[in-house]
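As structure tokens, the structure follows; a few thoughts come after it.
Below, each value reflects all heavy atoms present in this structure, side chains not excepted, and no hydrogens, waters or symmetry copies. A note on names: the letters A, B, ... follow the listed sequences, proteins ahead of strands, and every chain is numbered from 1.
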Protein chains: 2
Amino acid sequence: MRDNAPCSRADIAASTGLNKATVSSLVADLIDRRLVRETGLTENRVGRPATMLVLDGSPYASIGLEVNVDYLTAVAVDLSGERLLSWRRAFPGATATPAQAVAAVAALTRRVVNRMTKDQRQVLGVAVAVPGLIGTDGTVRVAPNLGWHEVDLAGDLAKALRDPGFPIQVENDANLAVLAEHRFGPLGGTPNLVYLTGEVGVGAGVILDGRLRRGGQGFSGEIGHIQIDPQGPRCRCGRTGCLEAVAGIGVLVSTTDPAEVESEIDEVVRRAKAGDAATLDQLATVGRDLGRGIAIAANLLDPDAVILGGYYVPLAPWLLPAAADQARALSIAADFGGCEIVASTLGYGAAALGGAARVLDSVDSGRLPSP
Amino acid sequence: MRDNAPCSRADIAASTGLNKATVSSLVADLIDRRLVRETGLTENRVGRPATMLVLDGSPYASIGLEVNVDYLTAVAVDLSGERLLSWRRAFPGATATPAQAVAAVAALTRRVVNRMTKDQRQVLGVAVAVPGLIGTDGTVRVAPNLGWHEVDLAGDLAKALRDPGFPIQVENDANLAVLAEHRFGPLGGTPNLVYLTGEVGVGAGVILDGRLRRGGQGFSGEIGHIQIDPQGPRCRCGRTGCLEAVAGIGVLVSTTDPAEVESEIDEVVRRAKAGDAATLDQLATVGRDLGRGIAIAANLLDPDAVILGGYYVPLAPWLLPAAADQARALSIAADFGGCEIVASTLGYGAAALGGAARVLDSVDSGRLPSP
DNA sequence: ACTAATTTGTTTGGCTAGCAGACGAACTAA
DNA sequence: TTAGTTCGTCTGCTAGCCAAACAAATTAGT
């Protein structure tokens with residue numbers, strides 16, 4: 001129904017192969033739960049007009065949050081995918097303690113939840129994106145840019161919200177961003193996707209066969225520290241030639257203050273638009289190195305598409321051609337295995353949006369709210 | 001039952017949560033299909049003795065084949081995992097035409113099938129391992145070492161066997177090898193595995209969340225041509241610094257004749273055992289470069305284990321320490337994410353055995369032979 | 001205007017898978 | 001010999017789904 005709305009019960013029966021009677025009873029249950037709503041009838045067709053069905057957006061909301069080095073983001077989405085709210089708020093993530101972060105996130109969450117309940121919506125769940133290694137149990141093992149170590153964010157947040165009555169999840173930012181692309185992006189539904197976060201760090205989110213793949217410990221997608229060039233520059237992690245040391249956003253900016261990165265990137269864009277040779281050169285070099293990293297992921301995973309996010313998006317006009325050339329040259333499959341490289345269109349809120357997507361995923365996979 | 005045999009109906013009910021009556025009826029159906037057999041009773045316990053159940057090995061067989069540059073391998077396995085047959089036969093794969101290969105594989109298959117029918121076994125299926133890129137439809141897109149291009153091996157084989165009455169599948173050798181490890185190896189059942197074939201080429205088979213991941217086009221696992229060092233040596237593929245150019249078996253042998261590789265590797269082992277400094281040095285270098293490749297895969301996929309196969313196995317005593325050191329140094333997760341690096345114990349027949357495993361997988365996932 | 005054709009969605013009755021609980025069978029422990 | 005335990009089957013029951021019939025609401029054609 002999400003893909004083909006509005007559609008009739010008969011449409012669903014035809015496309016799923018289920019019996020009309022079965023569809024009717026299932027739809028009745030979904031209407032009881034206020035997940036689905038009848039809209040008008042079809043007209044101007046032979047035969048009895050069909051009563052059309054749509055996902056009912058109004059009674060529920062799904063909330064996604066993102067903690068980052070310089071801001072908190074909150075997104076709320078309804079069941080039909082409509083964006084209800086998108087807030088961004090400055091936050092000194094790089095210097096705040098985990099306890100301060102929990103308090104700030106809890107405060108923001110409370111405000112979003114209040115807004116939702118004022119709108120008569122029930123909150124289905126909250127998922128928080130964190131840039132770092134997240135264990136399979138949802139605790140933050142380590143988030144270098146936030147200076148966090150073994151923080152049970154989900155538990156602390158639940159405590160701060162005093163048993164909020166909806167589940168709270170924590171997940172890696174790249175993992176959530178790729179979920180956002182999979183549900184809301186122009187390549188939505190594509191079964192094999194890789195998403196690259198373009199921040200000072202570079203992380204990957206990997207969807208294979210339609211599901212997020214988190215690896216054994218939940219640490220998959222750590223592409224930022226694969227070694228692109230053993231003779232490359234030293235990375236802040238202490239190793240040499242890491243992808244993020246040669247193709248991270250940090251290569252293009254001089255500041256170490258995360259709050260200033262955005263304006264510096266704007267400046268790079270300005271110089272590139274003006275045709276500044278040194279800038280164009282530097283962007284081409286970063287693009288090629290990024291292409292090397294993409295080629296590695298593509299050779300290993302054979303995705304249908306690689307999506308560039310974060311600050312890679314405004315720089316895409318200059319990065320993409322070089323990256324695509326390099327990736328194609330280094331790919332073993334003919335024609336790059338039909339894999340596309342594209343810039344994300346979801347903007348900076350991708351990870352938070354992915355949090356909301358994750359909550360919706362759990363509804364789609366059967367955890368329905370009771371009637 | 002495969003994991004806990006022999007076990008009683010009551011055991012199954014207890015461990016699955018199914019009702020005893022349900023288990024009884026399902027078991028009756030499996031016994032009808034001759035997939036399961038009752039063995040003796042338990043004794044010396046309080047209460048009524050249980051009738052124990054085991055997988056019935058005798059009525060069926062699953063066949064795996066491998067086409068390689070210098071040999072064909074055939075393996076037959078019964079339902080309980082017992083090896084029934086393991087044949088290896090010289091075959092000039094590097095020079096034979098696809099048609100000749102089909103004829104040779106068909107002849108070998110016929111002999112295996114005849115043996116199975118003589119033993120009163122029904123063949124459940126055949127899966128053929130091919131070193132190359134295999135499309136999602138099972139056609140061989142390209143197999144460089146065999147000189148193949150767009151060969152519909154499954155179709156041709158079915159034609160040559162004149163509608164054999166069992167399904168024929170074709171799959172990449174590394175993909176099948178990792179299935180063999182997952183079913184028969186000491187790490188069997190581990191949900192996230194990477195297997196590296198150690199031949200002149202290097203390929204990877206990837207299992208994530210318990211299932212083989214083939215990527216969008218079926219081309220996943222092409223780790224052999226990821227660029228380890230942009231300043232590295234030229235690879236036979238024309239690129240520079242590919243993993244197989246720095247850590248493939250070809251680095252350690254001088255011959256280009258695949259038939260002679262095995263004896264040359266034996267010679268390397270002899271020299272290493274004798275403590276020859278140049279050899280040990282070379283092995284350490286290859287081990288380190290292999291470790292770089294492993295680190296890349298581990299950072300991106302976070303597997304529970306990486307398994308080295310092919311000629312890496314006899315060389316493992318010298319390669320593994322260097323590879324593990326390097327991989328640990330380049331891994332972002334603490335303690336290498338708990339990931340083990342081990343040598344395969346399945347021997348050269350791993351890919352063929354994996355073919356048999358694939359057929360058994362399809363039985364386990366519900367394609368049962370009729371009663 | 002009226003009938004035939006078409007399409008929708010509900011109703012009816014039936015089938016199957018699985019469940020809970022009762023029960024007989026077969027054993028051990030005291 | 002009796003009590004207790006465990007196994008596997010048997011007996012009804014329910015939930016989910018199906019096929020087919022059917023009523024409702026429309027268009028197409030004469």
Exercise. Between A:Arg9 (CZ) and D:dA24 (P), how many Å, whole number?
Worked result: 17 Å
For this session: Using only heavy-atom distances, determine whether the side chains of A:Arg214 and A:Thr136 contain a donor-acceptor pair under 3.5 Å.
Result: no
For this session: Starting at the 5' end of nucleotides 25-30 of chain D, put B wherever the base has a protein heavy atom under 4.0 Å, S where only the sugar-phosphate does, and a dash everywhere else.
Result: BBSS--
Problem set entry | Ring-face cation contact, B:Phe184 with B:Arg83, 6.0 Å cut, 45° max | yes
Problem set entry | Distance below 4.0 Å between B:Ser24 side-chain N/O and D:dT9 OP1 or OP2 | yes
Problem set entry | Pairwise distance CG(A:Leu124) to CG(A:Leu35) - rounded to 0.5 angstrom | 8.0 Å
Exercise. For D:dG8, does OP1 or OP2 lie under 4.0 Å from any side-chain N or O of B:Thr51?
Worked result: yes
Problem set entry | Short side-chain N/O contact to D:dC18 OP1/OP2 from A:Thr22, under 4.0 Å | yes
Problem set entry | OP1 or OP2 of C:dG9 under 4.0 Å from side-chain N/O of A:Ser8 | yes
Exercise. Is the shortest side-chain N to carboxylate O distance from A:Arg211 to A:Asp361 below 4.0 Å?
Worked result: no
For this session: Tell me which residues in residues 11-20 of chain A put a heavy atom below 4.0 Å from DNA chain D, sorted by number, or none.
Result: A:Leu18, A:Asn19
Seminar exercise, completed: DNA chain C nearest-nucleotide lookup for A:Ala50 and A:Ala21: closer to the 5′ end is A:Ala50
Problem set entry | Donor-acceptor contact below 3.5 Å, side chain B:Arg2 vs main chain B:Leu79 | yes
Exercise. Is the shortest distance from a Lys or Arg side-chain nitrogen in A:Asp364 or A:Arg183 to a carboxylate oxygen in the other one below 4.0 Å?
Worked result: yes
Problem set entry | With B:Leu212, the side-chain contact (heavy atoms from CB on, under 4.5 Å) member among B:Val206, B:Val178, B:Leu193 | B:Val178
Exercise. Going by an N to O cut-off under 4.0 Å, is there a salt bridge joining A:Asp209 and B:Arg213?
Worked result: yes
